[in-house]
Amino acid sequence: ANTETYLKNVALKHMPPNLQTVDFLKSVPK
Amino acid sequence: MFCEKAIELIRELHRSGDGSLPAFNEDGVRQVLEEMKALYEQNQTDVHEAKSDGRSDLIPTITFRHCCLLRNRRCIVSYLYDRLLRIRALRWEYGSVLPSALRFQMSADEMVWFNQYKKSLATYMRSLGGDEGLDVTQDLTPPK
Amino acid sequence: SEAYMPVSAGLGSEENFLSLEDIIMSHEKLPCRLEMTLPRLGFLDKSGESDSIPEGTKMELPLWLAKGLYDKKRKIVSVELPKIYKEGWRTVFNADANVVDLHRLGPYYYSFGCQLLNFDSPENPEIAQTLLQTFVGRFRRIMDSSQNAYNEDTSGLVSRLDELERILFHAGQKGLNEFQRWEKGQAS
């Protein structure tokens, strides 16, 4: 949640609306 | 060509392969976001024209710009995410008070993230080992 | 730093979205041909002077862009195999993979080669076979040299390795160094 908030505030919210999701975080290999 | 600034950000980090933290490239991130804004606005115009004037020949160009938008997005989030991994590692290497030289390399938002990370880690460690908690960042190598 | 654990590169035909290695690898270029005109992008084509890049133009495009524009139905671009993945070079690799300077020819020979399998070339089975055989053929020497070079200059040993092989070499070196430290009582 910390990382999501950070990425949204610093970058994603400045991007086009359809590119603001954090779906890529699910793809981080364990 | 598009996305050149974005790959520069990635290369800059990749050059510090040992996990050291270079200064936050605020200018670089800003430039990539600006390029994304320009690409998106151009695509909005062309999508409108493709729909209203039947300009289906614009679709390949719209696709091209969309690929560039996705690429820029991937580079920015990977740049930011990899820096967070390096900053997280600093907590384990240096403890909860970082040397000022390292703090200087971080952005204000990264400091906020770091402070929250420290809190989460502290909460977790307090939950271990009964009443006293357990500092898992100490004694990482076995005794002689 | 031991605690820094970057997102590793993907295996096979999948990239890891957040991997710096995969992003750099996918910046490498390959020869493409435009199967459609690209209006309003003429400024990208240094040789052209019009507003559009015409159909039929041959361009070297980065892998990430070629992947995005390659679509079986829409066919915006078609892709040609880079030289080192074609039959001529495959014969060289199959004959003796150890003689090849994969850093100069790559430096992402394996991962880029795996990504090429996304483009439905009829030579895909042969490409995949060569990639695998090359890796198997070279692996033993990389493992041996990484386990035997202690406290010496290894630049000569890694200079002809591709990036994947260098990661393997350094993993072997790390293991060797840690074992030596333990043997000397320095691991506590």
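A, B, ... follow the sequence lines: proteins, then strands. Residue 1 opens every chain.
- When heavy atoms are compared at a cutoff of 4.5 Å, Pro143(B) approaches chain C solely by way of its backbone atoms N, CA, C and O.
- Here Asp82(B) is the residue among Leu85(B), Asp139(B), Ile87(B), Asp82(B) with the most heavy-atom pairs under 4.5 Å with chain C.
- Residue Tyr94(B) qualifies as open at atom OH: its count of foreign heavy atoms under 6.0 Å is 12 or below.
- Other residues, nucleotides and ligands contribute over 12 non-hydrogen atoms within 6.0 Å of the CD atom of Glu152(C).
- Taking all atoms of both residues into account, the shortest heavy-atom contact from Ser188(C) to Pro142(B) is CB-O, 2.9 Å.
- Chosen from Cys75(B), Cys3(B), Pro60(B), the residue pairing most often with chain C at heavy-atom distances under 4.5 Å is Pro60(B).
- Per-residue heavy-atom pair counts under 4.5 Å with chain C were compared for Arg71(B), Glu93(B), Arg11(B), Arg65(B), and the maximum is reached by Arg71(B).
- Using a 4.5 Å heavy-atom cutoff, the side chains of Leu70(B) and Trp64(C) are not in contact.
- Residues of residues 12-33 of chain C placed with any heavy atom under 4.5 Å of a heavy atom in chain B are listed by number as Glu15(C), Asn16(C), Phe17(C), Leu18(C), Ser19(C), Leu20(C), Glu21(C), Asp22(C), Ile23(C), Ile24(C), Ser26(C), His27(C).
- No more than 12 heavy atoms of other residues, nucleotides or ligands lie within 6.0 Å of OH in Tyr124(B), so this atom counts as exposed by the packing criterion.
- Glu87(C) CD: 12 or fewer foreign heavy atoms inside a 6.0 Å radius.
- For Tyr81(B), the part lying under 4.5 angstrom from a heavy atom of chain C is the side chain only.
- Heavy atoms from other residues, nucleotides or ligands lying under 6.0 Å from CG of Leu11(C) number 12 at most.
- Proximity to chain C is limited to the side chain of Ile7(B), based on heavy atoms less than 4.5 angstrom apart.
- The most heavy-atom pairs under 4.5 Å with chain B, out of Met5(C), Met36(C), Arg40(C), Lys67(C), come from Arg40(C).
- For a residue to count as touching a neighbouring chain, one of its non-hydrogen atoms must lie under 4.5 Å from one of that chain's; by this rule Leu69(C) touches chain B with backbone and side chain alike.
- Note that the OH atom of Tyr4(C) and the CZ atom of Arg88(B) stand 10.5 Å from one another [nearest 0.5 Å].
- Your options are Arg91(B), Met1(B), Arg86(B), and the one with the most heavy-atom pairs under 4.5 Å with chain C is Arg86(B).
- Glu183(C) CD: more than 12 foreign heavy atoms inside a 6.0 Å radius.
- For Arg141(C), the CZ atom sits in a loose shell: 12 or fewer heavy atoms of surrounding residues, nucleotides or ligands are nearer than 6.0 Å.
- In this structure, the separation between CG on Leu65(C) and CZ on Phe2(B) is 10.0 Å, given to the nearest 0.5 Å.
- Atom CG of Leu38(C) sits about 11.5 Å away from atom CD1 of Ile62(B), to the nearest 0.5 Å.
- Sorted by first then second residue, the side-chain hydrogen bond (donor to acceptor under 3.5 Å, both in side chains) pairs that include residues 54-63 of chain B, not counting sequence neighbours, are Glu49(B)-Arg55(B), Arg55(B)-Asp57(B).
- No other option in Ile59(B), Leu58(B), Leu13(B) has as many heavy-atom pairs under 4.5 Å with chain C as Leu58(B).
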